[in-house]
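Sequence lines set the chain letters: A, B, ... in the order given, protein chains first and strands last, and positions in each chain run from 1. Everything numeric here is computed off the predicted structure, so don't read it as measured data.
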Amino acid sequence: MTTIANIGQHVGQSVKLQGWLYNSRESGKLLFPIFRDGTGTIQGVAHKAGVPAEVFDALKGLTQESSVIVTGKVREDKRAHGGYELDVETVEVVQRVPEADPYPITLKEHGTDFLMERRHLWVRSPRQSAILRIRAEIMRAAAEYFDSNGFIRTDPPILTPAACEGTSTLFPVDYFGDEAFLTQSGQLYIESTALALGKVYSFGPTFRAEKSKTRRHLTEFWMIEPEVAFMDLDGLLELAENFLSHIVQSVLKNRLPELGVIGRDIEKLKAINAPFPRLRYDEACEMLNQAHKDGHLEAPFEYGNDFGSPDETWLSSQFDRPVMVHRYPADVKAFYMEPDPQDPKFAMCVDVLAPEGYGEIIGGSQRVSSYELLKSRIEHHGLPIDAFQWYLDLRRYGSVPHSGFGMGIERAVAWICGLEHVRETIPFARTLNRIYP
RNA sequence: UCCUGAGUAGCUCAAUGGCAGAGCAUUCGGCUGUUAACCGAAGGGUUGUAGGUUCGAGUCCUACCUCAGGAGCCA
């Protein structure tokens with residue numbers, strides 16, 4: 001059995017392919033069935049005079065997405081899209097899609113709702129398949145970066161007893177009569193394993209019941225989070241830029257055909273190499289104020305606030321590679337972030353904003369290492385201190401400076417693929433109004 | 001939760017308050033190099049739901065439902 005992806009190694013030979021009928025064009029006694037097998041598509045050719053009658057009859061009028069096993073001779077042909085054609089010799093129809101109930105997704109345009117209701121079929125389309133292949137490469141390269149740099153993968157629980165951050169909305173579940181929640185971040189847990197193993201990362205799904213309905217939000221998304229003992233914010237910035245560079249360059253190296261299928265501008269990705277530009281929060285504020293004066297932003301930016309979505313979009317569109325904005329005001333950031341020793345009004349944190357207006361894909365920080373400070377922060381934020389005793393233990397017993405970040409896989413995929421919406425970056429997106437299929 | 005927009009054939013969309021339309025898909029016929037093939041024909045409709053205004057509503061008004069985009073929040 002051969003695959004369409006490596007059909008070029010079989011020019012002049014007869015090969016066997018198993019797959020589906022993607023589309024079919026007919027011109028009298030000449031048939032052009034296009035097959036797909038999950039690795040690509042190839043056009044077949046069948047002359048009525050050149051194939052047995054039963055082969056011609058099986059292909060003539062064959063319905064879209066019928067499953068088939070075909071044999072044929074591979075031929076180079078400049079007229080064909082992939083450069084190769086298959087002169088069909090035999091065909092076995094595994095299952096014929098009935099005319100009375102044709103495959104619903106045609107090659108013409110469809111609306112979002114229609115496609116999302118049929119996501120289980122939509123993933124067959126070349127564009128969606130290409131995106132999922134790139135997603136897989138991003139996940140592989142991300143894990144590879146950490147695995148080959150001394151990190152140990154330690155995945156946190158998905159069922160948790162309490163809010164990790166207390167801010168976002170959580171999905172509650174019944175845990176044998178107790179209330180538990182689906183995790184919204186593994187960070188607190190991997191701080192624990194980082195102090196056990198030194199350099200760790202986690203990789204898994206996270207859940208946020210935010211009623212957000214934008215092109216950047218899913219209620220269930222995948223996050224990869226490194227956490228490193230004895231690492232400060234500067235070390236974290238270096239880690240983030242090297243990590244992202246490795247991922248983008250791996251995609252360019254291993255998924256170039258797929259980037260072509262989805263029409264991604266390759267030049268923009270080639271520019272993604274460390275080091276990345278760095279901006280203090282203050283400097284970013286000045287840029288935003290200037291942008292407002294110049295009429296690029298509607299709302300004036302109020303110093304001291306966190307950036308809004310339009311702010312991030314504008315900032316990130318000013319650079320040809322991800323920009324790392326660091327040292328935000330501590331008041332607008334999470335309780336576990338270490339204050340800047342130079343000026344405790346600022347937090348030792350970083351947001352990495354992807355270029356081309358994609359906004360935040362990474363958020364990270366150096367963590368509070370002082371027991372007393374962390375305890376007062378938890379109390380100040382009105383969080384249940386009992387639920388955080390285990391977390392405070394990390395500061396009781398051999399506390400060290402440590403840092404980590406989280407990257408949302410779907411946002412990274414959306415950026416690297418140049419997509420309009422994150423719903424296409426995951427096989428089955430979970431959004432505010434959709435949990436089917 | 002709030003703001004904005006859209007619901008008409010299986011799909012994508014038209015239709016000044018006055019006969020419900022096209023392309024694609026499906027069916028039938030034609031075509032020996034098609035590239036979302038093309039050409040001819042046929043079938044296909046409770047215009048999201050419930051009220052209201054009007055001689056007359058897909059179109060105007062009210063409520064609701066569904067979807068989409070955005071804000072806040074976030075990765």
Side-chain angles (χ1 to χ4, degrees), chain A residues 22-34 41-51 56 60-61 63-65 77-82 85 87 97-118 125-127 165-169 184-187 205-225 298-299 305-313 332-334 350-354 358-364 405-415 420-423 425-426 431-434:
Chain A
Y22 172 63
N23 189 25
S24 182
R25 288 183 280 264
E26 301 185 359
S27 181
K29 297 180 179 63
L30 191 52
L31 306 180
F32 298 101
I34 300 173
T41 61
I42 187 169
Q43 172 165 285
V45 183
H47 293 261
K48 184 161 193 178
V51 296
F56 190 85
K60 188 171 172 59
T63 43
Q64 194 188 354
E65 285 302 318
D77 195 313
K78 280 200 283 280
R79 293 169 294 190
H81 263 143
E85 280 190 343
D87 287 320
V97 175
E99 279 87 350
D101 187 15
Y103 185 69
I105 300 178
T106 69
L107 274 57
K108 294 278 181 178
E109 286 176 72
H110 298 287
T112 304
D113 190 31
F114 180 83
L115 290 170
M116 288 304 286
E117 281 292 312
R118 291 158 185 80
S125 76
R127 181 179 168 81
E165 300 184 19
T167 53
S168 305
T169 323
Q184 61 179 346
S185 164
Q187 180 202 313
T206 53
F207 307 86
R208 298 198 184 169
E210 294 160 4
K211 301 221 167 166
S212 301
K213 209 165 55 171
T214 79
R215 67 186 67 198
R216 300 178 307 281
H217 286 89
L218 299 172
T219 54
E220 176 180 326
F221 65 97
W222 282 62
M223 194 147 64
I224 188 160
E225 299 175 273
E298 272 184 39
N305 285 352
D306 206 347
F307 300 132
S309 185
D311 302 323
E312 280 186 1
T313 302
V332 299
K333 287 293 181 182
V350 59
D351 282 356
V352 181
L353 311 181
Y358 276 91
E360 184 178 356
I361 54 170
I362 282 179
F405 64 74
M407 182 180 82
I409 293 294
E410 288 73 21
R411 286 189 181 176
V413 177
W415 158 52
E420 281 292 308
H421 200 295
V422 289
R423 67 179 153 235
T425 66
I426 186 169
T431 57
L432 185 56
N433 293 318
R434 192 179 298 283

List for me each residue that meets salt bridge (charged side-chain N to carboxylate O under 4.0 Å, His left out) alongside A/E109, sequence neighbours excluded, and say none if there are none.
none
Restricting to salt bridge (charged side-chain N to carboxylate O under 4.0 Å, His left out), what partner residues turn up for A/E225, sequence neighbours left out?
none
What is the distance from [atom1] of [X] to [atom2] of [N], rounded to the nearest Å?
{"X": "A/F405", "N": "B/rA75", "atom1": "CZ", "atom2": "P", "value": "13 Å"}
{"X": "A/R215", "N": "B/rC67", "atom1": "CZ", "atom2": "C1'", "value": "16 Å"}
{"X": "A/L31", "N": "B/rU34", "atom1": "CG", "atom2": "C1'", "value": "11 Å"}

Side-chain (A/Q184) to main-chain (A/T206) donor-acceptor, under 3.5 angstrom
no
Going by the rule side chain to side chain contact (heavy atoms under 4.5 Å, CB included), which residues pair with [X] if we only count those two or more places apart in sequence or in a different chain?
{"X": "A/K211", "value": "A/L432"}
{"X": "A/V45", "value": "A/L30, A/F32, A/H47, A/R75, A/E85, A/D87"}
{"X": "A/P102", "value": "none"}

Expected rows: protein N/O vs nucleotides 10-13 of chain B N/O, under 3.5 Å:
| residue | atom | partner | partner atom | Å |
| --- | --- | --- | --- | --- |
| B/rC11 | O2' | A/E109 | O | 3.0 |
| B/rC11 | O2' | A/H110 | ND1 | 2.6 |
| B/rU12 | OP1 | A/G111 | N | 2.7 |
| B/rU12 | O4' | A/E109 | O | 3.4 |

Base of B/rU34 paired with side chain of A/E26 (donor-acceptor, under 3.5 Å):
no
Pairs under 3.5 Å (Watson-Crick or G-U), crossing ones as [ ], inter-strand ones as |: RNA chain B comes out as (((((((..((((....[..)))).(((((.......))))).....(((((..]....))))))))))))....
Listed by chain and number, what are the ring-ring contact (aromatic ring centres under 6.0 Å, His included) partners of A/Y22, not counting sequence neighbours?
none
[X] side chain, from C-beta outward: closest of [options]:
{"X": "A/S309", "options": "B/rA75, B/rG72, B/rA68", "answer": "B/rG72"}
{"X": "A/R434", "options": "B/rC67, B/rG69, B/rC74", "answer": "B/rC67"}
{"X": "A/L218", "options": "B/rA75, B/rA36, B/rU34", "answer": "B/rA75"}

What one-letter contact string describes nucleotides 2-9 of chain B from 5' to 3', where B marks a base within less than 4.0 Å of any protein heavy atom, S marks contact via sugar-phosphate atoms alone, and - marks no contact?
--------
Under the salt bridge (charged side-chain N to carboxylate O under 4.0 Å, His left out) definition, can you give me all pairs with a residue in residues 25-34 of chain A, not counting sequence neighbours?
A/E26-A/K60
Could you pull out every donor-acceptor pair under 3.5 Å between side chains of residues 110-118 of chain A and any protein atom, sequence neighbours left out?
| residue | atom | partner | partner atom | Å |
| --- | --- | --- | --- | --- |
| A/H110 | NE2 | A/T106 | N | 3.0 |
| A/H110 | NE2 | A/T106 | O | 3.3 |
| A/H110 | NE2 | A/T106 | OG1 | 3.2 |
| A/D113 | OD1 | A/R434 | NH2 | 2.8 |
| A/E117 | OE2 | A/R434 | NH1 | 2.9 |
| A/R118 | NH1 | A/F114 | O | 3.1 |

Holding to side chain to side chain donor-acceptor pair (under 3.5 Å), I want the full list of residues that pass it with A/S309, two or more places apart in sequence or in another chain.
A/R216
